[in-house]
Every structure is written in C-alpha cells, then in structure tokens.
Amino acid sequence: MHYAKNIGLMFAVFLSSVLAFAADGNAQTADTIYRGGDILTMEGKSPKYVARLAVKDGKILFVGSASGSRKFIGKDTVVGGLNGRTLLPGFIDGHGHMIQFGKNLIDADLVGTPDITDLLARMKAHVAKTPPGAWIVGFGYNAKKMREARTPTIDELNQVSSDRPVMIVDSSGHLGAGNSTLFNLAGISAATPDPEGGTFSRKPGSTELLGPMEETALNAVRVRRPPFTGALADSVATGGAAAWARYGHTTAQECGVGLGNDDIDIVRNAIEKQLLPIDLYVCAKDSVTDDVINAAYAVDKAYNKTPEGTSDKLLAARPDLNKRYINRVRLGGIKFWLDGSIDTAWFTKPYTVNPPGKTGAYTGYRQIPDDVLDAAFDKYWTTNLQLNMHMNGDAAADQALNAIEKAIKKHGMSNHRPVFIHATYLRPDQIARIKAVGAIPSFLTASLPPAGDFVLKLWGPDRAARSIAAKTFLKAGLPFSFSHDAPVSPIPSVVGLVDAGVNRMSASGIVVGADERISPYDALRAVTSMAAYQIKEEKSKGTLEVGKLADLVILDQNPLRVEKTSIKSIKVFETIKEGKTVFRRSEP
Ligand SMILES: [Zn+2]
C-alpha cells in the first residue's frame, strides 16, 4: 500500500520534471542551489522556511522543497551547503551614510576616546598621515562620555597644529570644534553672528570663539573642506561599501549627499568606475537638491540609450524598479533636517531635565521654517523623489505632517511614502495622521543601547517608554524600518538593530520602553521586507520570492532560534548581491 503510493509520488515528481524541461528546455538550470540550513523567506507576518533556494543570473529562480528544486540542477549547478547557517534576504539600509562613513575611514578615529588628552594625542598622531593641504580631521568622539564631559576648545585644538586647519566632529555628526586656522580659513570670527539653527560657542563674557560648533554652524565650516579626489575618492566609495557588505547589506544608503562639497563627485566617480558591489540609494541634502538632480540627469544621459526627456520620464519608462540603478546607484530622495539630536530634539513640551548648558523651558531646535518644507512637498509630492526628514521630537513630526497634509489637500494622495528618519518620539495622536499620509518611520534603534539612559533622564520616563514605537506601529498594521545611521553609530551593524529592537536594553541594563519590544522575526522584517517597502523596492527586494533579485545574507545562527539576549553575538557569514559573493567571513 505504502509502496504503491510512493511509486505514484515518484512518478508524479518525474512527470513534473519532464514537463518543466519540455516547457523551458535547458534554460531553467540554476547557477546555485542553497540547502543544508534554515532558509527564512521573510514573506508574510510569520516565519516561513523552505528547504531549497535556487539562483540563476542574479535572480531567484526557485524557492521551495528539495524535490521541487531537483529539476533545476544541471551539470554546472553549484549546490551550496549552508552547514547549518541561516539564509535570509540581504539587509536593506533604512537610513545611513555610506559615503560619509567611507570618508571617516580616512579621518582620525576618535570613537571611544576617554578624555581630551587622549583625543589630542590621536589627532597629533594623525597629522603625519595627512597629506599636505588636507585638513586634519577627527571623527567619532562623544563628549558626554568623556571624563571632562565637554568638547575640546580652540586653544586645546591649536596644540594639534598651529598652522594647519584642525576639525573634530562628534559621533552624532551634529557637533564639532575647530582650531584658529580652521576658523580663519572659513572666515568665522568673533564678529560672525550665529547662523539660524546653530551656534558657535563663545568664551565667557565675550564674543571670542571658544571652539565648539553646533548644527548649521558646524555645517557652515564643514562645507569648506577641500574635496577628496582621485584614489582618495575611490577609497571613500569602496571602503564604505565594504563595511556595509560586511554587515550583510545588499542595499546601502547615503542619505545626505551634499553634506560635503565633494559628495556628488565622489558618487559620480563610483558610478563611472563601477566601484560599488552593492546598491546605493542616495538622498540629496536639501540645499543642493538641484545640483544632485542635474548630476543624476547627466548620469542618465550618459548611461541610457534614449537620453531624451527628463529624469522622471526615463524612470517612468523603466517600471522594473531595480533597473533604476545605474552602476549600482540611484537617486531616491531628498533629505531635510527638521530638528537636532537627543539633546536638541524639537518638542512641543519642554525637556524633563534640561541638557547641559540649556536653561528655562527648553524645547530644542527647529532647523527650517515651515514654508521651506511646505514648498518642498508641493514640488515633490507627486514625483519619484521621496522626501526623507530627520526628526527626533514630536514638534518636528507635526511640522512634517502639516506639510504633507497641505500637499495632499492640493494634489491628492500619492504613493510618495515620505520617510520619518528616526521619529524617536511620536505622540500617540500622530500615529493615525502618519497612517493617513502613508509615511514610514525609520527608527534609530541603534541609539537604544548607547543613549537609552540619557533619553530616559532628559526626555522623562513617559517619552522614553514611547520612543521608537515599533510595537505600536505593528499593532496599527503600519510599516517601519530599523536603521543605524552609521557613522552616527560607529559601525553599520544590522544584527545590532535586531538585538536593540528585541531587547531595548540600555548601557546600564535598563529596558527602555518594555512595551515597544518586538519579536526577532518582526525585527528582521524591519531590515528586510519593510525596509524594501520604505524605498519602494518591494517588487524586487526584501523577501525570498521567485523573480526577485538574489540579494542574500547568510548568518552563522538563526536569530529566531537563539536566546534573545544572544542575538547581538550573531555574525554575518556571507553577503551575496545578485548571486555574487561580496563579503565572506574568513576568520571564525
Ligand atoms: Zn542620518
């Protein structure tokens, strides 16, 4: 009885194989078939595993059972044993700065510096390595965590060099300081007023520069840095991309092209020399949007066979989303900064405890006037360029929602999917408005471990408990992504985001907002399928489905099968972009 049934089953399998060949000839032979470990498709709201995944010509050819995969095995097919590892869709960067990160690899590393003496020593050691004519730049200190709990002064930085420009930028990228030569070169003096949305710190009782700079004041100086060109520009792109691939990304972001005056040229250089192994979604910094669009149009003209019409027409003519990328780069959006960071977030209600140096009913920074954002939504709401807005406080979210609601009133609803970058604190009443306009938060989950205690103190327990409201969004059926914002986070670790979203553990061991913890599976959705939706690439990326790109990551353990507290120690074993290995771990 059993025997007869098996014969029947075998015959059915044999018949379907024959039919597959009959219909498609030998064209259906896979390049690679993965097996021997968990293959998690990330399709749907609960985990779904398959036994085999087949890849051909950089796309997914088959997802399913062992028997179903057999017909795709040809003489050249590599059957790849996962050896108990876990295969997932490649990670998609919800918000980060791959080019800025690549630049920082060229600067002095100030991450983890314990005090000003150590910081100055690292900067002095960097002077000899810096080519003549180049600024001496250090990145990544955290003043709050240094012994002196303050930023170095102009006099201290003059000790690094008395005749070359010296600049330091903290790990948030929003704060920094310079020496006398730097300020002279930038034309900033005691007589210079503070720009809107920023400050140059002054010596007590005078207007003399103290050295530290915040927000737009720092940007005004930073844009004067001489450009990275030639081999330096190459290594910015390749170094950044290698770091992203190492942490499992197959799609990266540079959401702020134009922060540096050489960014556009660095990205164009990467396109022209085909330097990038993974996709890069680019956002133009608000102030240089026209320059970036012109550059993107020039690239379109150079690379497309039909260079007539506008960029939008060209995009419309190529509905297959992954083809929007030209040599792995596409202009996806525009970036606006609406407020500051944790100690400068723009709130409707004052800080619970004022950040150091702030007095009165302090409610943080507004970075741009309403009419600027209103005009941007009026102009771009119905285009292919997504508006990405940096915001930490609820007043900044109100500003964004007001602007979007005005655009909808005038132009009607569109599939714009505006991105609320960080969206760290949203009031409960803002969730329904976010749903109505189709906005998507990209939560800075990476900030929970290093900054959770600080948020708890400054913002108070209520705002801290509601911060990074992942569970609230899940319950409301709304998409979101998790992001690291590297180099704001010192490394672009995606596994770290999954850990932070699941555990929400601060540095001191406090669970910040226990009710907003989500399952490991949902946390993985925030870096795969929901992140793909955020950048409007869900048709080609984010899940393991037939016809999608073979963008894959292999982890040494399955985040769904380990203790939740052990997720952070999971390592990326291999990253595969359209069927090609772009990172493989060599050390254990
Ligand atoms: Zn950012």
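Along the sequence shown, the residues carry numbers beginning at 1. Remember, it's a predicted structure, so these values are computed and weren't measured experimentally. We count ligands from 1, going down the list as the structure has it; atoms in each ligand are counted the same way. Heavy-atom basis, side chains included; hydrogens, waters and symmetry copies ignored.
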Chemist: Flag the pair D279 and K541 as a salt bridge only when some basic side-chain nitrogen lies within less than 4.0 angstrom of an acidic carboxylate oxygen.
Modeler: yes
Chemist: Tell me which N, O or S atom of D485 sits nearest to the Zn ion (ligand 1).
Modeler: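 Among the N, O or S atoms of D485, the one closest to the Zn ion (ligand 1) is OD1.
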Chemist: Does any N, O or S atom in H97 come within less than 2.8 Å of the Zn ion (ligand 1)?
Modeler: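 Given the 2.8 Å cut-off, H97 counts as a ligand of the Zn ion (ligand 1).
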Chemist: Have a look at H95 and say which of its N, O or S atoms is nearest the Zn ion (ligand 1).
Modeler: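 Result: NE2.
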Chemist: Does either side chain, that of E215 or that of T199, offer a donor lying less than 3.5 Å from an acceptor on the other one?
Modeler: no
Chemist: Could you tell me whether R466 sits above the aromatic face of Y425, with NZ or CZ closer than 6.0 angstrom to the six-membered ring centre and within 45 degrees of the axis?
Modeler: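 No - R466 does not lie over the ring of Y425 by the 6.0 Å and 45° rule.
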Chemist: Taking 4.0 angstrom as the limit, do K144 and D343 come out as a salt bridge?
Modeler: yes
